[in-house]
There are 2 protein chains.
Amino acid sequence: MDWLPRSMINASRVRTLGIDEHLFRKGDTVFGIFEVIKGRLSMVRHTSEGQKVVIHSSLEGSLFAEAALFATEYHCDGVAVEETEVRVFDKDAVFAAFRDNPELAENFMAVLARQVQVLRAKLEQRSIRSARQRLIHHFILSAEEDGRTVPLKGTLKDLAVELGLTHEALYRTLAKLEKEGLVERSATVVLLQPKLFI
Amino acid sequence: MDWLPRSMINASRVRTLGIDEHLFRKGDTVFGIFEVIKGRLSMVRHTSEGQKVVIHSSLEGSLFAEAALFATEYHCDGVAVEETEVRVFDKDAVFAAFRDNPELAENFMAVLARQVQVLRAKLEQRSIRSARQRLIHHFILSAEEDGRTVPLKGTLKDLAVELGLTHEALYRTLAKLEKEGLVERSATVVLLQPKLFI
DNA sequence: CGGCGTTTTGAGAGAGCTCAACATCGGTGG
DNA sequence: CCACCGATGTTGAGCTCTCTCAAAACGCCG
């Protein structure tokens, strides 16, 4: 959210939610959009019988319910899955800022466009069924400029989640690639070997 | 693209691409963004050894490379996978239009925000591994107001593709749900039965 | 009728998931 | 300093589920 002007951040407020606490409910008039600072929020719809269907589950640092800007009512529930902190941006204030400051509007567009890009890439990734191919795909796309070094941020478990694999599957696949000499590993980096690209 | 003013559409041009023909290449200066009218485009990156990695594959009717609006260079190749028709919107013209017409900018934001919403929902759906649960999830979310009727648009094969399943898996799963009395089917509609929601 | 695409069902194999045990490492407190 | 603990990392075995390949029924249209 580094693209936001100070003024907008100052005009926002932070709210803390306990587990299962609602940020908004279906049918509520849209009052704002959110940034998840800490914790996790879900968008949930309820069936007539009260069963929950999760539409979306947020990550820390992401925008939440930004599409609500262009609606009058929320059309699902926003619920905290864990203890969560959200920054609340007032809808009218956001729009006013956009009109005042076209550059801000462009920044927001850029953020959304980037999101779309990332999400589409992720979806493409998930369409690869084989753990091996999915991992290779990920490695190649997240390699640095040299095209061979992939920095490991966070734990392998986290990576497994990001890739939509169980951690066991990831460990095994990675070990196999290593044994076959397709990659080399250190604690912080994966080095892609030429063979991998053939 | 119904939110675009006539003037923008008139200012655009349509281009036809043959299979494997490039719309743009990595490093090219961004000249515009696109709407896929017919056919399919892919965003592709090449490894140092020349292997292709697909980042994204477009659907008909969708925007393509809209994130490029906020970059100076394309950072992957845009290639036609089939015989493809694209509408080309000049980058500068788009920006000029946004500045001239804040409402247009807002419309564009709304389109992007909606995209993000849809993509996130799809990603959530794909995170459900079981064909059965994925199908049920889809049914419940795409039910009409009554919460029980799901219209079937297109063939079941198409639905299978949308859900990321083979058509065989879809047929079988659907048949099973039907046999268990969880849904009823006609040619055009799936009726969700109360049992399904328990 | 004949051909094409969708729908359906069958059998088999492979891949990833689940459950389980164990190693490793870093931190914490006695 | 060591014992303990929790989380990550690792490997094993079995199972389930979906994919793949195959074949056939069905419906539609020329």
Side-chain angles (χ1 to χ4, degrees), chain A residues 38-40 54 57 59-60 81-83 122-139 142 150-191 196, chain B residues 38-40 54 57 60 82 122-139 150-191 196:
Chain A
K38 200 160 147 346
R40 204 150 52 94
V54 176
S57 203
L59 297 172
E60 284 180 13
V81 184
E82 327 166 350
E83 178 96 6
K122 221 173 243 183
L123 213 49
E124 191 75 30
Q125 177 192 76
R126 296 302 176 95
S127 78
I128 303 173
R129 297 186 195 283
S130 145
R132 184 193 179 89
Q133 284 312 114
R134 198 184 288 185
L135 184 56
I136 292 177
H137 182 267
H138 170 77
F139 279 159
S142 47
V150 179
L152 289 176
K153 301 156 189 163
T155 68
L156 290 179
K157 262 183 124 163
D158 295 338
L159 179 59
V161 171
E162 194 187 317
L163 294 179
L165 299 170
T166 57
H167 59 279
E168 294 100 320
L170 176 62
Y171 290 139
R172 277 189 252 265
T173 308
L174 189 50
K176 208 168 180 182
L177 290 181
E178 209 176 353
K179 191 157 59 181
E180 294 175 19
L182 299 179
V183 305
E184 278 179 19
R185 281 172 67 195
S186 73
T188 56
V189 160
V190 175
L191 248 178
L196 185 67
Chain B
K38 200 159 147 344
R40 204 151 52 93
V54 176
S57 203
E60 284 181 13
E82 327 166 350
K122 219 172 243 182
L123 211 51
E124 191 75 30
Q125 177 192 77
R126 295 302 175 94
S127 78
I128 303 172
R129 299 185 194 284
S130 145
R132 184 193 178 92
Q133 283 314 113
R134 198 184 289 184
L135 183 56
I136 292 177
H137 182 267
H138 170 77
F139 279 159
V150 179
L152 290 177
K153 302 156 190 164
T155 68
L156 289 180
K157 259 183 126 162
D158 295 338
L159 180 59
V161 172
E162 194 188 318
L163 293 179
L165 298 170
T166 58
H167 59 279
E168 295 100 320
L170 176 63
Y171 290 137
R172 278 189 251 266
T173 309
L174 189 51
K176 207 168 180 181
L177 290 181
E178 208 175 355
K179 190 156 61 180
E180 294 175 19
L182 298 180
V183 305
E184 278 179 17
R185 282 173 66 195
S186 73
T188 56
V189 160
V190 175
L191 248 178
L196 185 68

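Per chain, numbering begins at 1; letters A, B, ... match sequence-line order. These figures come from a predicted structure and were not determined experimentally.
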**Student:** Working to the nearest 0.5 Å, report the span between CG of Leu159(B) and CG of Leu135(B).
**Tutor:**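 CG of Leu135(B) is found 6.5 Å from CG of Leu159(B).
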**Student:** Once each nucleotide of nucleotides 15-30 of chain D is scored for protein heavy atoms under 4.0 Å, what B/S/- sequence comes out, 5' to 3'?
**Tutor:** ---SSBBB--------
**Student:** In whole angstrom, what separates Ile128(B)'s CD1 from dC17(C)'s P?
**Tutor:** 15 Å
**Student:** To check you understand the geometry: which heavy-atom pair defines the closest contact between Ala160(B) and Leu170(B), and what is its length?
**Tutor:**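 Reported closest heavy-atom pair: N-CD2, 3.5 Å.
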**Student:** Measure the distance from CG on Leu163(A) to C1' on dA15(C) and round it to the nearest whole Å.
**Tutor:** 16 Å
**Student:** Between Arg126(A) and Leu123(B), what is the shortest heavy-atom contact and its length?
**Tutor:** CG-CD1, 4.1 Å
**Student:** Show the nearest heavy-atom pair for residues Leu163(A) and Arg134(A), with the distance to one decimal.
**Tutor:**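 Reported closest heavy-atom pair: O-NH1, 2.6 Å.
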**Student:** How many Å lie between NZ on Lys157(A) and P on dT24(C), as a whole number?
**Tutor:**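 In whole Å, dT24(C) P lies 18 Å from Lys157(A) NZ.
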**Student:** Which heavy atom of Val54(B) sits nearest a heavy atom of His137(A), and at what distance?
**Tutor:** O-NE2, 3.0 Å
**Student:** Tell me the interatomic distance from Glu178(A), atom CD, to dT11(D), atom C1', rounded to whole angstroms.
**Tutor:** 14 Å
**Student:** Work out which heavy atom in Gln125(B) is nearest to a heavy atom in Glu162(B); give both atom names and the distance.
**Tutor:**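 Scanning both residues completely, I find the closest heavy atoms to be OE1-O, 3.7 Å.
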**Student:** Please state whether the phosphate of dT8(C), meaning OP1 or OP2, lies under 4.0 angstrom from any side-chain nitrogen or oxygen of Tyr171(B).
**Tutor:**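 No, no such contact exists.
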**Student:** When the distance from CG of Leu174(A) to C1' of dG16(C) is rounded to whole Å, what number comes out?
**Tutor:**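 From Leu174(A) CG to dG16(C) C1': 16 Å.
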**Student:** Using a 4.0 Å heavy-atom cut-off across all strands, classify Arg134(A) as base, sugar-phosphate, or nothing.
**Tutor:**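 No contact at all - Arg134(A) keeps every heavy atom at 4.0 Å or more from the nucleic acid.
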**Student:** For the pair made of NZ in Lys179(A) and C1' in dT11(D), what is the distance, rounded to whole Å?
**Tutor:**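 Distance, rounded to whole Å: 11 Å.
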**Student:** Rounded to whole Å, please give me the gap between NZ in Lys176(B) and P in dT8(C).
**Tutor:**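 Atom NZ in Lys176(B) sits about 16 Å away from atom P in dT8(C).
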